Visitor: 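To start, I am sharing the structure in question, which I have written as C-alpha cells.
The shown structure was predicted, so the numbers you read here are calculated from the model rather than taken from an experiment.
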Amino acid sequence: SCHVRPVPEKFWSVLPMAWTSRNWKKKISLSETGRHAQYPLIQDLIEPLDLVILVVPIDKAAPKGRLILPQQQTIRDILERGALSLVVRDTELKSTLDHFLAQGACPKLVVTDSQAFARVSKDVPENITLTSFSILFSRYKGELEIQLKGIAALSSIEDGDRILIAEGCTHHRQCGDIGTCKMPEWIRNYTGKKPVFEFTSGTEFPDDVSSYKMVVHCGGCMLNEREMKYRIACCQDQGVPITNYGILIAQVTGILKRSLGPFPEMQKLIWDCLHNQFNFLILTFLCYTVSAYLCYICNWIVIFYSGFTKL
C-alpha cells in the first residue's frame, strides 16, 4: 500500500504571509467543492410536463454552432425536472406563443437572454411569467437579494464615477460585446451621466473595489458558487453596491418587477424599497415646506421689529 507522509510543520512556517491568508482563501474559492447550491437553477419553479420557452437571440455576439453555458445548464435542469423546454429565437417568439395559446397550451415560464428583454417583454402576455438566464443565475450562484438592492446605486451615478463591469469568463470580445459596449451605453442613456468604466474578466476581479461607485457582474456561469459569493462579499465588506447584468438590463428597460415574476418575495422587496423612497420624498418635501414657512415668518418678525424700534 502507498504511505503518504504528512507535510512537515516547518514547511508552513516558510510560506510567505500573503499566501497563508487571503490568496489561499481565494484559490480555495476557485476550486469546485462538490457542494450543492443553496437553490436549484430552475427546477423548483416548474412542475413535470410544464412547458418552458427559452429565448435565444442569434446575433454577432452569439458563438457559432453552439449554445452558451447558461442556456445549456437551464435545458439540462428542465430535463431533470421532467418538464418540456422549447428553444426559439426572439424573432419567432410571438408566432410561437400565438400558436401554443391557440391550442390552449400556456407556457409556465419564459426565460430570455437579458439583452432581448425590451422586445420579449412586449411579445409575452402579462399572464405568463417572464425572467432571464442572468437573473436565474443570480439566485443560483450569487445572492439575488443583495444584487437586487445594488441596482439602487444606478440612480445616484454622477459624471466621473467609476463603475466596474466584471465577467467571469475570458471569451473573445467582438463588436457589440455586452460587457464593454452595450452595458456602458445602457447606463449612460439611463442615467444621463458620463461615468468612467473599467472592465475585468476571468480571475482578474480586484480585491480592492472601494474606489468604485458600483460593480456590475455577469451571471457567473463560468464561476462556481463559492467564487461568486466571494466577489459579492468583497463588495459588501467595502460598502460597494454590486448588481447583475440581467437585473440592470431589466431596470433600464423598465420591467424589473415583471422580470422577478418567479420570485414574489423579491417583487415585494422592490415594492418596499419604492415605498421607503416615497416616504423619504414626502418627508423631505414636508421639511422643506416647514423650513420655508418658518423663514417667511422670521423675515416678517424681523421687518416688524425693525419698524417698531425706529418708532
Visitor: Determine whether a donor-acceptor pair (N or O, by modelled atom type, separation under 3.5 Å) exists between the side chain of Thr131 and the backbone of Ser259.
Guide: yes

Visitor: Which distance, rounded to the nearest 0.5 Å, do you find between the CD1 of Ile165 and the OH of Tyr212?
Guide: 11.0 Å

Visitor: Enter the distance from Asn127:CG to Leu101:CG here, rounded to the nearest 0.5 Å.
Guide: 7.5 Å

Visitor: Do you know the tightest heavy-atom contact between Gln267 and Leu260?
Guide: CG-O, 3.6 Å

Visitor: Let me check something: do Leu79 and Leu109 share a hydrophobic cluster, defined by ILVMFWY side-chain heavy atoms less than 4.5 Å apart, either directly or through other members?
Guide: yes

Visitor: Can you find a heavy atom in the side chain of Lys193 that is under 4.5 Å from one in the side chain of Asp161?
Guide: no

Visitor: Is a donor on one side and an acceptor on the other found under 3.5 Å between the side chain of Thr243 and the backbone of Gln147?
Guide: yes

Visitor: Looking at side-chain heavy atoms only, is the closest gap between Leu164 and Pro206 below 4.5 Å?
Guide: yes

Visitor: Given side chains that start at C-beta, do those of Ile75 and Leu67 come closer than 4.5 Å, heavy atoms only?
Guide: yes

Visitor: With rounding to the nearest 0.5 angstrom, report the CD to NZ distance, Gln236 to Lys229.
Guide: 10.0 Å

Visitor: Which residue, Val110, Leu54, Val55, Thr96, forms the side-chain contact (heavy atoms from CB on, under 4.5 Å) with Leu86?
Guide: Thr96

Visitor: Between Val209 and Cys234, which heavy-atom pair has the shortest distance, and what is it?
Guide: CG2-O, 4.1 Å

Visitor: If hydrophobic clusters are built by linking Ile, Leu, Val, Met, Phe, Trp and Tyr wherever their side-chain heavy atoms come under 4.5 Å apart, do Val87 and Ile42 end up in the same one?
Guide: yes

Visitor: Please confirm whether the backbone N or O of Gln43 pairs with a side-chain atom of Asp77, one donor and one acceptor, at under 3.5 Å?
Guide: yes

Visitor: Please confirm whether the backbone N or O of Lys182 pairs with a side-chain atom of Glu185, one donor and one acceptor, at under 3.5 Å?
Guide: no

Visitor: Check whether any side-chain N or O of Lys149 sits under 3.5 Å from a backbone N or O of Leu269 as a donor-acceptor pair, and report yes or no.
Guide: no

Visitor: Tell me whether Arg188 contacts the main-chain N or O of Pro195 through its side chain, where contact means a donor paired with an acceptor under 3.5 Å.
Guide: no

Visitor: Can you check whether Met214 reaches Ser156 side chain to side chain, under 4.5 Å on heavy atoms?
Guide: no

Visitor: Spell out, as yes or no, whether a donor-acceptor pair under 3.5 Å connects the side chain of Glu204 to the backbone of Ser201.
Guide: yes

Visitor: May I ask you to decide if Ile46's main-chain N or O and Arg81's side chain share a donor-acceptor pair within less than 3.5 Å?
Guide: yes

Visitor: Is there a donor-acceptor pair closer than 3.5 Å between any side-chain N or O of Gln238 and the backbone N or O of Asp207?
Guide: yes

Visitor: Between Ile247 and Leu256, is any pair of side-chain heavy atoms under 4.5 Å apart?
Guide: yes

Visitor: Under the criterion salt bridge (Lys or Arg N to Asp or Glu O under 4.0 Å), I'd like the reasoning laid out for Asp98 against Lys94: C-alpha separation, chi angles, the key distance, then a yes or no.
Guide: CA-CA 6 Å; Asp98 290 342; Lys94 190 175 188 308; 3.4 Å; yes

Visitor: Using modelled atom types and a 3.5 Å cut-off, is there a donor and acceptor pairing between side-chain atoms of Ser134 and backbone atoms of Gly246?
Guide: yes

Visitor: Scan Gln115, His217, Glu167 and name whichever one has a side chain to side chain donor-acceptor pair (under 3.5 Å) with Tyr245.
Guide: Glu167

Visitor: Is Thr253 close to Tyr190 at the side-chain level, that is, under 4.5 Å between some pair of heavy atoms?
Guide: no

Visitor: Determine, stepwise, if the pair Val124 / Thr112 fulfils side chain to side chain contact (heavy atoms under 4.5 Å, CB included).
Guide: CA-CA 11 Å; Val124 178; Thr112 181; over 6 Å; no

Visitor: Mind checking the OG1-CD spacing from Thr191 to Glu158? Nearest 0.5 Å is all I need.
Guide: 9.0 Å

Visitor: Is it possible for you to say whether Phe100 and Leu84 belong to one hydrophobic cluster, with membership spreading through side-chain heavy-atom contacts below 4.5 Å?
Guide: yes

Visitor: Indicate the atoms forming the closest heavy-atom contact of Val240 with Ser210, along with that distance.
Guide: CG2-CA, 4.0 Å

Visitor: Atom CZ in Phe137, atom CG in Leu223: separation rounded to 0.5 Å?
Guide: 10.5 Å

Visitor: Mind checking whether Ile178 and Trp186 have side chains closer than 4.5 Å, heavy atoms only?
Guide: yes

Visitor: Does the side chain of Ile187 come within less than 4.5 Å of Val252's, by heavy atoms?
Guide: no

Visitor: Is there a path of hydrophobic side-chain contacts, each under 4.5 Å between heavy atoms of I/L/V/M/F/W/Y residues, joining Ile151 to Phe197?
Guide: yes

Visitor: For Arg119 versus Asp90, what's the shortest heavy-atom pair and its separation?
Guide: NE-O, 3.8 Å

Visitor: Would you kindly say whether Gln73 and Tyr140 are connected by a side-chain donor-acceptor distance under 3.5 Å?
Guide: no

Visitor: Can you measure from OG (Ser95) to CG (Asp123) and round to the nearest 0.5 angstrom?
Guide: 9.0 Å

Visitor: List the steps, then state whether salt bridge (Lys or Arg N to Asp or Glu O under 4.0 Å) holds for Glu126 with Arg258.
Guide: CA-CA 9 Å; Glu126 290 290 337; Arg258 187 185 181 192; 3.7 Å; yes

Visitor: Apply salt bridge (Lys or Arg N to Asp or Glu O under 4.0 Å) to the pair Arg162 and Glu198, showing each step before the final yes or no.
Guide: CA-CA 7 Å; Arg162 298 175 68 204; Glu198 296 183 15; 2.6 Å; yes

Visitor: In terms of hydrophobic clusters joined by side-chain contacts under 4.5 Å, are Ile68 and Met222 together?
Guide: no

Visitor: Taking all non-hydrogen atoms of both residues into account, name the closest pair between Phe199 and Gly179 and its distance.
Guide: CE2-O, 3.3 Å

Visitor: Yes or no on side chain to side chain contact (heavy atoms under 4.5 Å, CB included) for Gln72 and Leu69, after CA distance, side-chain angles and deciding distance?
Guide: CA-CA 5 Å; Gln72 297 174 31; Leu69 189 57; 4.2 Å; yes

Visitor: Tell me, with the steps shown, if Leu144 and Tyr39 meet side chain to side chain contact (heavy atoms under 4.5 Å, CB included).
Guide: CA-CA 11 Å; Leu144 179 56; Tyr39 297 102; over 6 Å; no

Visitor: Could you report the tightest heavy-atom contact between Gly202 and Arg231, atom names first, then the distance?
Guide: O-NH2, 2.6 Å

